[in-house]
Amino acid sequence: MKIIRLLEVWEKGMDGRFVGHLPVASTVTTPFLLGLFAHEQDRPDPEMKLSYMLDAARAERLQPYVAEQLLPARYDYILTAHGVPD
């Protein structure tokens, strides 16, 4: 199974509506992502299959892997993963 990574885009705030998805380049590595979020894991997630909220600093580090400009002051972003058949 191949893992596809996306950013969920939400309007800011608890009542913000879902805006859409932004693809994350397939060149992003699992070790890179694990390094960004390892300290936020309640249980081991070495394959980075769970979802993680990006703060502004993480959005900046992930920006090279996303074609569109990330605007963390305007939107909330959640890194998520979907499995698709190889």
Is there a path of hydrophobic side-chain contacts, each under 4.5 Å between heavy atoms of I/L/V/M/F/W/Y residues, joining Phe32 to Tyr52? yes
Applying the 4.5 Å side-chain criterion to the ILVMFWY set and letting contacts propagate, would Val84 and Val24 be lumped into a single cluster? no
Going by the rule side-chain hydrogen bond (donor to acceptor under 3.5 Å, both in side chains), which residues pair with Ser51 if we only count those two or more places apart in sequence or in a different chain? Thr80
Close side-chain approach of Arg43 and Leu50, heavy atoms under 4.5 Å: yes
So, taking the atom named CZ in Phe37 and the one named CG in Leu79, what distance separates them when rounded to the nearest 0.5 Å? 5.5 Å
Identify all side-chain donor-acceptor contacts of residues 1-10 below 3.5 Å with residues at least two apart in sequence or on another chain.
from : atom 1 : to    : atom 2 : distance (Å)
Arg5 : NH1    : Met48 : O      : 2.5
Arg5 : NH2    : Glu47 : O      : 3.1
Glu8 : OE1    : Trp10 : NE1    : 3.0

Donor-acceptor pairs under 3.5 angstrom involving side-chain atoms of residues 56-73: please list them, not counting sequence neighbours.
from  : atom 1 : to    : atom 2 : distance (Å)
Arg58 : NE     : Leu36 : O      : 2.8
Arg58 : NH1    : Glu40 : OE2    : 2.7
Arg58 : NH1    : Asp55 : OD2    : 3.0
Arg58 : NH2    : Leu36 : O      : 3.3
Arg58 : NH2    : Glu40 : OE2    : 2.8
Gln63 : OE1    : Leu70 : N      : 2.7
Gln63 : NE2    : Val66 : O      : 3.1
Gln63 : NE2    : Glu68 : O      : 2.9

Single-linkage hydrophobic cluster Ile78~Val28, side-chain heavy atoms < 4.5 angstrom: no
Going only through I, L, V, M, F, W and Y residues with side-chain contacts under 4.5 Å, is there a path from Tyr75 to Phe18? no
Taking every non-hydrogen atom, the tightest pair across Pro46 and Pro44: CD-C, 3.4 Å
Check the surroundings of atom NZ in Lys49: do more than 12 heavy atoms from other residues, nucleotides or ligands lie under 6.0 Å from it? no
